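What follows is a set of notes on a single structure, which appears directly below.
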Number of protein chains: 2
Amino acid sequence: MKNKNDYADCPVTEVIALFAGRWKLIILRVLSRHARRFGEISVRIPAISKKVLTEQLKELEADGLISRKQFGEFPPRVEYALTEYGKSLCPLLAYIAAWKKERV
Amino acid sequence: MKNKNDYADCPVTEVIALFAGRWKLIILRVLSRHARRFGEISVRIPAISKKVLTEQLKELEADGLISRKQFGEFPPRVEYALTEYGKSLCPLLAYIAAWKKERV
DNA sequence: CAGTATCCAAGGGGATACTG
DNA sequence: CAGTATCCCCTTGGATACTG
(Lines give C-alpha, C1' and ligand atoms only; values in the text may rest on other atoms or scores of the structure.)
Protein backbone atom coordinates (compact mmCIF):
# COMPACT_ATOMS: atom_id res chain seq x y z
CA MET A 1 0.00 0.00 0.00
CA LYS A 2 1.54 3.27 -1.08
CA ASN A 3 -0.38 5.72 0.99
CA LYS A 4 -2.44 4.75 3.97
CA ASN A 5 -4.50 7.88 3.61
CA ASP A 6 -5.99 6.51 0.45
CA TYR A 7 -7.80 4.07 2.63
CA ALA A 8 -8.37 6.13 5.71
CA ASP A 9 -12.06 5.69 5.19
CA CYS A 10 -11.95 1.95 4.66
CA PRO A 11 -11.71 -0.13 7.84
CA VAL A 12 -11.68 -3.34 5.85
CA THR A 13 -8.50 -2.38 4.06
CA GLU A 14 -6.83 -1.54 7.34
CA VAL A 15 -7.66 -4.95 8.71
CA ILE A 16 -6.51 -6.69 5.57
CA ALA A 17 -3.24 -4.78 5.74
CA LEU A 18 -2.57 -6.42 9.11
CA PHE A 19 -1.95 -9.77 7.48
CA ALA A 20 -1.30 -8.82 3.88
CA GLY A 21 2.38 -9.76 4.01
CA ARG A 22 3.70 -12.71 2.09
CA TRP A 23 4.04 -14.96 5.16
CA LYS A 24 2.05 -13.26 7.87
CA LEU A 25 -0.94 -15.55 7.94
CA ILE A 26 1.33 -18.56 8.04
CA ILE A 27 3.35 -17.06 10.87
CA LEU A 28 0.22 -16.23 12.79
CA ARG A 29 -0.97 -19.78 12.35
CA VAL A 30 2.30 -21.15 13.64
CA LEU A 31 2.14 -18.89 16.68
CA SER A 32 -1.53 -19.60 17.30
CA ARG A 33 -0.64 -22.98 18.81
CA HIS A 34 1.85 -21.48 21.21
CA ALA A 35 4.82 -19.16 21.53
CA ARG A 36 7.84 -20.00 19.41
CA ARG A 37 11.47 -19.03 19.15
CA PHE A 38 12.83 -17.50 15.97
CA GLY A 39 14.48 -20.73 14.93
CA GLU A 40 11.35 -22.76 15.61
CA ILE A 41 9.31 -20.57 13.33
CA SER A 42 12.03 -20.82 10.72
CA VAL A 43 11.99 -24.59 10.82
CA ARG A 44 8.22 -24.70 10.48
CA ILE A 45 8.31 -22.41 7.44
CA PRO A 46 11.40 -23.63 5.58
CA ALA A 47 10.70 -21.59 2.45
CA ILE A 48 11.14 -18.26 4.17
CA SER A 49 14.57 -16.68 4.50
CA LYS A 50 15.78 -15.24 7.77
CA LYS A 51 15.75 -11.74 6.39
CA VAL A 52 12.16 -11.91 5.30
CA LEU A 53 11.09 -13.71 8.45
CA THR A 54 12.66 -10.92 10.50
CA GLU A 55 10.85 -8.30 8.45
CA GLN A 56 7.48 -9.93 8.73
CA LEU A 57 7.90 -10.46 12.45
CA LYS A 58 8.83 -6.81 12.91
CA GLU A 59 5.76 -5.67 11.04
CA LEU A 60 3.49 -8.00 12.96
CA GLU A 61 5.01 -6.67 16.16
CA ALA A 62 4.62 -3.07 15.01
CA ASP A 63 0.96 -3.74 14.33
CA GLY A 64 0.59 -5.15 17.82
CA LEU A 65 -0.34 -8.66 16.72
CA ILE A 66 2.66 -10.40 18.24
CA SER A 67 5.07 -9.77 21.06
CA ARG A 68 8.81 -10.24 21.12
CA LYS A 69 10.50 -11.32 24.32
CA GLN A 70 14.28 -11.31 24.43
CA PHE A 71 16.15 -13.28 27.06
CA GLY A 72 19.56 -11.99 28.09
CA GLU A 73 21.29 -15.30 27.48
CA PHE A 74 23.96 -16.62 25.25
CA PRO A 75 23.37 -18.02 22.75
CA PRO A 76 20.60 -15.48 22.24
CA ARG A 77 17.03 -16.54 22.70
CA VAL A 78 13.99 -14.69 21.48
CA GLU A 79 10.43 -15.77 21.80
CA TYR A 80 7.48 -14.62 19.77
CA ALA A 81 3.87 -14.98 20.83
CA LEU A 82 0.46 -13.72 19.87
CA THR A 83 -0.75 -10.72 21.83
CA GLU A 84 -4.36 -10.52 22.94
CA TYR A 85 -4.98 -8.43 19.86
CA GLY A 86 -3.37 -11.10 17.73
CA LYS A 87 -5.43 -13.79 19.38
CA SER A 88 -8.56 -11.80 18.73
CA LEU A 89 -7.81 -12.17 15.04
CA CYS A 90 -8.34 -15.92 15.15
CA PRO A 91 -12.14 -15.89 15.20
CA LEU A 92 -12.05 -13.45 12.29
CA LEU A 93 -9.81 -15.73 10.27
CA ALA A 94 -12.01 -18.68 11.17
CA TYR A 95 -14.99 -16.73 9.90
CA ILE A 96 -13.25 -16.04 6.61
CA ALA A 97 -12.30 -19.68 6.23
CA ALA A 98 -15.87 -20.72 6.98
CA TRP A 99 -17.18 -18.29 4.39
CA LYS A 100 -14.87 -19.85 1.84
CA LYS A 101 -15.86 -23.37 2.76
CA GLU A 102 -19.52 -22.55 2.40
CA ARG A 103 -19.20 -21.71 -1.25
CA VAL A 104 -16.73 -24.23 -2.56
CA MET B 1 1.35 -13.45 -4.81
CA LYS B 2 3.97 -15.27 -6.78
CA ASN B 3 2.67 -18.79 -6.71
CA LYS B 4 -0.83 -19.70 -5.73
CA ASN B 5 0.31 -23.15 -4.77
CA ASP B 6 2.21 -21.72 -1.87
CA TYR B 7 -1.14 -21.08 -0.28
CA ALA B 8 -3.06 -24.05 -1.55
CA ASP B 9 -3.63 -25.08 2.02
CA CYS B 10 -4.75 -21.72 3.29
CA PRO B 11 -8.37 -20.81 2.55
CA VAL B 12 -7.99 -17.46 4.25
CA THR B 13 -5.27 -16.39 1.86
CA GLU B 14 -7.40 -17.39 -1.10
CA VAL B 15 -10.24 -15.24 0.14
CA ILE B 16 -7.97 -12.31 0.84
CA ALA B 17 -6.54 -12.61 -2.65
CA LEU B 18 -10.01 -11.94 -4.04
CA PHE B 19 -9.87 -8.33 -2.96
CA ALA B 20 -6.18 -7.75 -2.40
CA GLY B 21 -5.80 -5.44 -5.39
CA ARG B 22 -5.06 -1.78 -4.97
CA TRP B 23 -8.60 -0.65 -5.78
CA LYS B 24 -10.73 -3.75 -5.56
CA LEU B 25 -12.47 -3.07 -2.29
CA ILE B 26 -13.30 0.43 -3.43
CA ILE B 27 -14.66 -0.85 -6.72
CA LEU B 28 -16.73 -3.45 -4.95
CA ARG B 29 -18.12 -0.79 -2.70
CA VAL B 30 -19.06 1.38 -5.64
CA LEU B 31 -20.81 -1.54 -7.32
CA SER B 32 -22.48 -2.64 -4.13
CA ARG B 33 -25.02 0.18 -4.47
CA HIS B 34 -25.93 -0.79 -8.00
CA ALA B 35 -24.52 -1.63 -11.43
CA ARG B 36 -22.30 1.00 -13.01
CA ARG B 37 -20.81 1.75 -16.39
CA PHE B 38 -17.06 1.96 -16.81
CA GLY B 39 -17.13 5.75 -16.92
CA GLU B 40 -19.32 5.98 -13.84
CA ILE B 41 -16.87 3.92 -11.82
CA SER B 42 -14.06 6.06 -13.16
CA VAL B 43 -15.76 9.25 -12.03
CA ARG B 44 -16.38 7.85 -8.57
CA ILE B 45 -12.74 6.84 -8.18
CA PRO B 46 -10.88 9.75 -9.81
CA ALA B 47 -7.45 8.65 -8.61
CA ILE B 48 -7.45 5.46 -10.65
CA SER B 49 -6.26 5.45 -14.24
CA LYS B 50 -8.23 3.76 -16.98
CA LYS B 51 -5.55 1.16 -17.47
CA VAL B 52 -5.51 0.12 -13.86
CA LEU B 53 -9.27 0.26 -13.57
CA THR B 54 -9.52 -2.07 -16.56
CA GLU B 55 -7.06 -4.47 -14.99
CA GLN B 56 -8.77 -4.57 -11.65
CA LEU B 57 -12.16 -5.07 -13.26
CA LYS B 58 -10.80 -7.94 -15.34
CA GLU B 59 -9.41 -9.64 -12.27
CA LEU B 60 -12.61 -9.18 -10.32
CA GLU B 61 -14.49 -10.64 -13.27
CA ALA B 62 -12.05 -13.55 -13.58
CA ASP B 63 -12.61 -14.29 -9.90
CA GLY B 64 -16.35 -14.29 -10.48
CA LEU B 65 -17.08 -11.36 -8.20
CA ILE B 66 -18.45 -9.04 -10.87
CA SER B 67 -20.09 -9.41 -14.25
CA ARG B 68 -19.45 -7.44 -17.41
CA LYS B 69 -22.31 -6.79 -19.78
CA GLN B 70 -21.50 -5.24 -23.13
CA PHE B 71 -24.22 -3.58 -25.18
CA GLY B 72 -23.77 -3.55 -28.94
CA GLU B 73 -24.23 0.19 -29.25
CA PHE B 74 -22.22 3.13 -30.36
CA PRO B 75 -20.75 4.82 -28.48
CA PRO B 76 -19.86 1.65 -26.59
CA ARG B 77 -21.54 0.90 -23.33
CA VAL B 78 -20.41 -1.60 -20.77
CA GLU B 79 -22.00 -2.26 -17.45
CA TYR B 80 -20.43 -3.87 -14.43
CA ALA B 81 -22.36 -5.40 -11.57
CA LEU B 82 -21.79 -7.63 -8.58
CA THR B 83 -22.52 -11.29 -9.16
CA GLU B 84 -24.28 -13.32 -6.49
CA TYR B 85 -20.84 -14.44 -5.39
CA GLY B 86 -19.73 -10.85 -5.22
CA LYS B 87 -22.79 -9.91 -3.20
CA SER B 88 -22.11 -12.74 -0.81
CA LEU B 89 -18.87 -11.00 0.02
CA CYS B 90 -20.66 -8.04 1.58
CA PRO B 91 -21.58 -9.70 4.88
CA LEU B 92 -18.00 -10.88 5.17
CA LEU B 93 -16.67 -7.38 4.65
CA ALA B 94 -19.20 -6.06 7.11
CA TYR B 95 -17.98 -8.60 9.63
CA ILE B 96 -14.40 -7.48 9.13
CA ALA B 97 -15.37 -3.83 9.53
CA ALA B 98 -17.29 -4.67 12.68
CA TRP B 99 -14.32 -6.55 14.09
CA LYS B 100 -12.19 -3.48 13.51
CA LYS B 101 -14.71 -1.13 15.06
CA GLU B 102 -14.91 -3.28 18.17
CA ARG B 103 -11.27 -2.80 19.05
CA VAL B 104 -10.61 0.82 18.15
C1' DC C 1 -17.16 5.71 -24.39
C1' DA C 2 -14.34 2.16 -23.09
C1' DG C 3 -10.77 0.72 -23.47
C1' DT C 4 -5.05 -0.43 -25.49
C1' DA C 5 -0.30 0.49 -25.90
C1' DT C 6 4.02 1.99 -23.86
C1' DC C 7 7.06 3.15 -20.70
C1' DC C 8 8.45 3.62 -16.00
C1' DA C 9 9.15 3.68 -10.81
C1' DA C 10 8.78 1.72 -6.33
C1' DG C 11 9.09 -1.73 -3.13
C1' DG C 12 8.14 -6.21 -1.46
C1' DG C 13 10.40 -10.33 -1.48
C1' DG C 14 14.29 -13.62 -2.45
C1' DA C 15 19.46 -15.54 -2.29
C1' DT C 16 23.53 -15.52 -0.08
C1' DA C 17 27.11 -14.25 3.02
C1' DC C 18 28.42 -12.25 7.27
C1' DT C 19 28.10 -11.07 12.67
C1' DG C 20 27.33 -10.08 17.99
C1' DC D 1 20.98 -18.45 17.79
C1' DA D 2 19.02 -14.64 15.89
C1' DG D 3 19.57 -11.80 13.29
C1' DT D 4 22.20 -7.85 9.36
C1' DA D 5 24.11 -6.51 5.10
C1' DT D 6 23.96 -6.63 0.12
C1' DC D 7 22.41 -7.23 -4.14
C1' DC D 8 18.88 -8.32 -7.34
C1' DC D 9 14.46 -9.47 -9.56
C1' DC D 10 9.85 -9.09 -10.65
C1' DT D 11 5.33 -7.76 -10.06
C1' DT D 12 1.99 -4.10 -9.26
C1' DG D 13 0.55 -0.01 -10.16
C1' DG D 14 0.99 4.82 -12.26
C1' DA D 15 1.39 8.52 -16.38
C1' DT D 16 0.39 9.49 -20.79
C1' DA D 17 -0.97 8.97 -25.46
C1' DC D 18 -3.59 6.59 -28.81
C1' DT D 19 -7.92 3.85 -30.91
C1' DG D 20 -12.32 1.12 -32.51
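Chain identifiers are assigned alphabetically (A, B, ...) following the order of the sequence lines, protein sequences preceding nucleic acid strands; residue numbering begins at 1 within each chain. These numbers come from a predicted model, not from an experiment.
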What is the base-pairing partner of D:dT19, counting Watson-Crick and G-U wobble geometry with both distances under 3.5 Å? C:dA2
Is it the case that the side chain of A:R103 and the backbone of A:W99 share a donor-acceptor pair, with hydrogens and angles ignored and the cut-off at 3.5 Å? yes
Which nucleotide wins on minimum distance to the side chain of A:R22, given the candidates C:dG20, C:dG14, C:dA2? C:dG14
Are OP1 or OP2 of C:dG14 and a side-chain N or O of A:W23 less than 4.0 angstrom apart? yes
B:R37 and B:V78: side chain to side chain contact (heavy atoms under 4.5 Å, CB included), yes or no, with the steps? CA-CA 6 Å; B:R37 301 178 55 172; B:V78 178; over 6 Å; no
Rounded to whole angstrom units, what separation is found between the CD atom of B:E61 and the P atom of C:dA2? 15 Å
Of all the nucleotides listed (D:dG13, C:dT4, D:dA2), which has the minimum atom distance to the side chain of B:V52? D:dG13
Specify the separation, in whole Å, of atom CD1 of A:I41 and atom C1' of D:dG3. 13 Å
Separation between OG (B:S88) and CG (B:L65), nearest 0.5 Å, reads 8.0 Å
Rounded to the Å, how far apart are A:F74 CZ and C:dG20 C1'? 7 Å
Would you mind classifying the nucleic acid contact of A:Q56 as base, sugar-phosphate or nothing, using non-hydrogen atoms under 4.0 angstrom? sugar-phosphate
Between the side chain of A:T83 and the main-chain N/O of A:G64, is any donor-acceptor distance below 3.5 Å? yes
Distance in angstrom units between B:E55 CD and D:dG14 P, rounded: 9 Å
Identify whether any heavy atom of B:Y80 sits under 4.0 Å from a base atom; if not, whether one sits that close to sugar-phosphate; answer base, sugar-phosphate or nothing. sugar-phosphate
Is D:dG13 paired to anything, Watson-Crick or G-U wobble with both distances less than 3.5 Å, and if yes, which nucleotide? C:dC8
Counting only side-chain heavy atoms from C-beta out, which of D:dT4, C:dT4, D:dA15 sits nearest to B:S49? D:dA15
Contact class for B:E79 vs. all strands (heavy atom < 4.0 Å): base, sugar-phosphate, or nothing? nothing
To the nearest angstrom, how far is B:K58 atom NZ from C:dA5 atom C1'? 12 Å
With a 4.0 Å limit, can you tell me whether B:R37 has a side-chain N or O closer than that to the phosphate oxygens OP1/OP2 of C:dA2? yes
Rounded distance (Å) that lies between atom P of C:dA2 and atom CZ of B:R44: 12 Å
Phosphate contact (D:dG13 OP1 or OP2) by B:K24 side-chain N/O below 4.0 Å: no
Verdict with supporting geometry, B:I41 and B:I48, side chain to side chain contact (heavy atoms under 4.5 Å, CB included): CA-CA 10 Å; B:I41 303 173; B:I48 188 173; over 6 Å; no
Spacing of A:K50 atom NZ relative to C:dT19 atom C1', expressed in whole Å: 11 Å
Nearest to the B:F38 side chain among D:dA2, C:dG3, D:dG14, which nucleotide is it? C:dG3
Could you tell me whether the phosphate oxygens of D:dA2, OP1 or OP2, come under 4.0 Å of any side-chain nitrogen or oxygen in A:R68? no
Keeping A:Q56 on the side-chain end and A:W23 on the backbone end, is there a donor-acceptor pair under 3.5 Å? yes
Could you tell me whether the side chain of A:K51 has a donor or acceptor atom within less than 3.5 Å of a complementary atom in the base of C:dG14? yes
Euclidean distance, atom CG of residue A:L53 to atom C1' of D:dG3 [Å, nearest integer]: 10 Å
